[in-house]
J.: 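Could you have a look at this structure, given as structure tokens, before my questions?
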Amino acid sequence: MVKPGLTAMVVAALALAVATAVVLARAEADDPKKVNAWFNRLSHAKRKTTRLHFYFHDTLSGKNPTAVRVAEAAMSEKSPTLFGVVNMIDDPLTEGPEPESPLIGRAQGFYGSVGLESVALHMNVNLVFMTPEYNGSTLSILGRNPALETYREMPIVGGTGIFRLASGVATAKTYFLNLTTGDAVVEYKVIAMHY
């Protein structure tokens, strides 16, 4: 036998769940109570797919580098692949390949040379977006980047803000590379699934 008060509570809970599913568009960051509430509503959310296209400017030379060497193995200077070199980055992400193209965010993190026989980088990078639509949201890349191949694919392993619980793929293609300085502009296309 169902109690009359319990039926009213179940109906109210179902109505709240339906209303919550409708307004689940944007995740709140920072406040643990808001994050917890977001997760409580997650079972009613549908996954979205976002496609992004931008250029990553990695500058190791000049007065204002955006990538700096923070570690190296004793043998790295003799290695043709720079095995053991680690660079910390805060690289601009722009709409187009030109340095003066509108800024959409920054790539912050590090990459290290992990290939003994071929150029391969381990990427641990957060893409931090600054555009009004994604402001403060991030996507995290963690994976291998065979930097001299034409197309590289790296996993998106998470995100924050709009991209909370993201997964997906980032593909990279070198647009420009200065072999003397190591400066590079890389075209990125990202497909991210998120709630």
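Just the heavy atoms: all of them, side chains too, but no hydrogens, waters or symmetry mates, feed the values below.
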J.: Taking salt bridge (Lys or Arg N to Asp or Glu O under 4.0 Å) as the test, write out the residues that go with R144, two or more places apart.
T.: none

J.: Please round to the nearest 0.5 Å and tell me the distance separating atom CG of N36 and atom CZ of R41.
T.: 10.0 Å

J.: How many angstroms lie between atom OG1 of T50 and atom CD of E133, to the nearest 0.5 angstrom?
T.: 7.5 Å

J.: Measuring from atom CE of M88 to atom CZ of R69, what distance do you get when rounded to the nearest 0.5 angstrom?
T.: 14.0 Å

J.: Give me each pair satisfying ring pair (Phe, Tyr, Trp, His ring centres under 6.0 Å) with a member in residues 135-162, each pair once, sequence neighbours excluded.
T.: none

J.: Identify, with sequence neighbours excluded, every residue that meets salt bridge (Lys or Arg N to Asp or Glu O under 4.0 Å) alongside R106.
T.: D90

J.: I'd like to know if the side chain of T181 reaches the main chain of S61, judged simply by a donor and an acceptor atom lying under 3.5 Å from each other, with no hydrogens or angles considered.
T.: no

J.: Applying ring pair (Phe, Tyr, Trp, His ring centres under 6.0 Å), which residue pairs with at least one partner in residues 79-98 are found, sequence neighbours left out?
T.: none

J.: Sequence neighbours left out, what passes salt bridge (Lys or Arg N to Asp or Glu O under 4.0 Å) with E187? Give chain and number order.
T.: none

J.: I need the minimum non-hydrogen distance between V119 and T81, along with the two atoms involved.
T.: N-CG2, 3.9 Å

J.: Mind checking the CG-CE spacing from N135 to M130? Nearest 0.5 Å is all I need.
T.: 8.5 Å

J.: Output the distance between atom CG (L148) and atom OG1 (T174), rounded to the nearest 0.5 Å.
T.: 7.5 Å

J.: For A192 versus L139, what's the shortest heavy-atom pair and its separation?
T.: CB-CD2, 4.0 Å

J.: Each residue besides L82 in its hydrophobic cluster should be listed here, by chain and number; the cluster joins Ile, Leu, Val, Met, Phe, Trp and Tyr at side-chain heavy-atom distances under 4.5 Å.
T.: V85

J.: Which ILVMFWY residues can you reach from L142 by hopping between side chains whose heavy atoms are under 4.5 Å apart?
T.: V157

J.: Can you name the residues that form a side chain to side chain contact (heavy atoms under 4.5 Å, CB included) with A67, not counting sequence neighbours?
T.: D58, L60, I89, D91, Y111

J.: Which is it for I156 and I141 under the side chain to side chain contact (heavy atoms under 4.5 Å, CB included) test, yes or no, and what are the steps along the way?
T.: CA-CA 5 Å; I156 300 291; I141 295 174; 3.7 Å; yes

J.: Can you name the nearest heavy-atom pair linking T94 to S101, along with the distance?
T.: CG2-O, 3.6 Å

J.: Can you get from M123 to V86 by hopping between Ile, Leu, Val, Met, Phe, Trp and Tyr side chains that sit under 4.5 Å apart?
T.: no

J.: Ignoring hydrogens, what is the shortest heavy-atom contact between T49 and M193? Give both atom names and the distance.
T.: OG1-CG, 3.9 Å

J.: Can you check whether T66's main-chain N or O pairs, donor with acceptor, with T59's side chain at less than 3.5 Å?
T.: no

J.: List, by chain and then residue number, the residues other than Y175 in its hydrophobic cluster (Ile/Leu/Val/Met/Phe/Trp/Tyr, side-chain heavy atoms under 4.5 Å); write none if there are no others.
T.: Y55, F176, V185

J.: In the structure I gave you, are the side-chain heavy atoms of L127 and L52 within less than 4.5 Å of one another anywhere?
T.: no

J.: What pairs meet the side-chain hydrogen bond (donor to acceptor under 3.5 Å, both in side chains) rule with one or both residues in residues 114-128, with sequence neighbours excluded?
T.: N126-S140

J.: What heavy-atom pair brings A172 and M154 nearest, and what distance separates the two atoms?
T.: CB-CE, 3.8 Å

J.: Is it the case that the side chain of T160 and the backbone of T138 share a donor-acceptor pair, with hydrogens and angles ignored and the cut-off at 3.5 Å?
T.: yes

J.: Quick check: do F163 and V190 have side-chain heavy atoms less than 4.5 Å from each other?
T.: no

J.: Running the 4.5 Å side-chain criterion over Ile, Leu, Val, Met, Phe, Trp and Tyr, what cluster does V128 land in, apart from itself?
T.: none

J.: Verify side chain to side chain contact (heavy atoms under 4.5 Å, CB included) between V70 and F110, making sure each step is shown before the conclusion.
T.: CA-CA 9 Å; V70 295; F110 65 89; 6.0 Å; no

J.: Can you measure from NE2 (H194) to NZ (K48) and round to the nearest 0.5 angstrom?
T.: 6.5 Å

J.: So, do T131 and F54 sit near enough that their side-chain heavy atoms are less than 4.5 Å apart?
T.: no

J.: Which residue pairs pass the ring pair (Phe, Tyr, Trp, His ring centres under 6.0 Å) test with at least one member in residues 84-109, sequence neighbours excluded?
T.: none

J.: Please report the closest heavy-atom contact between R47 and S167, naming both atoms and the distance.
T.: NH2-OG, 2.7 Å

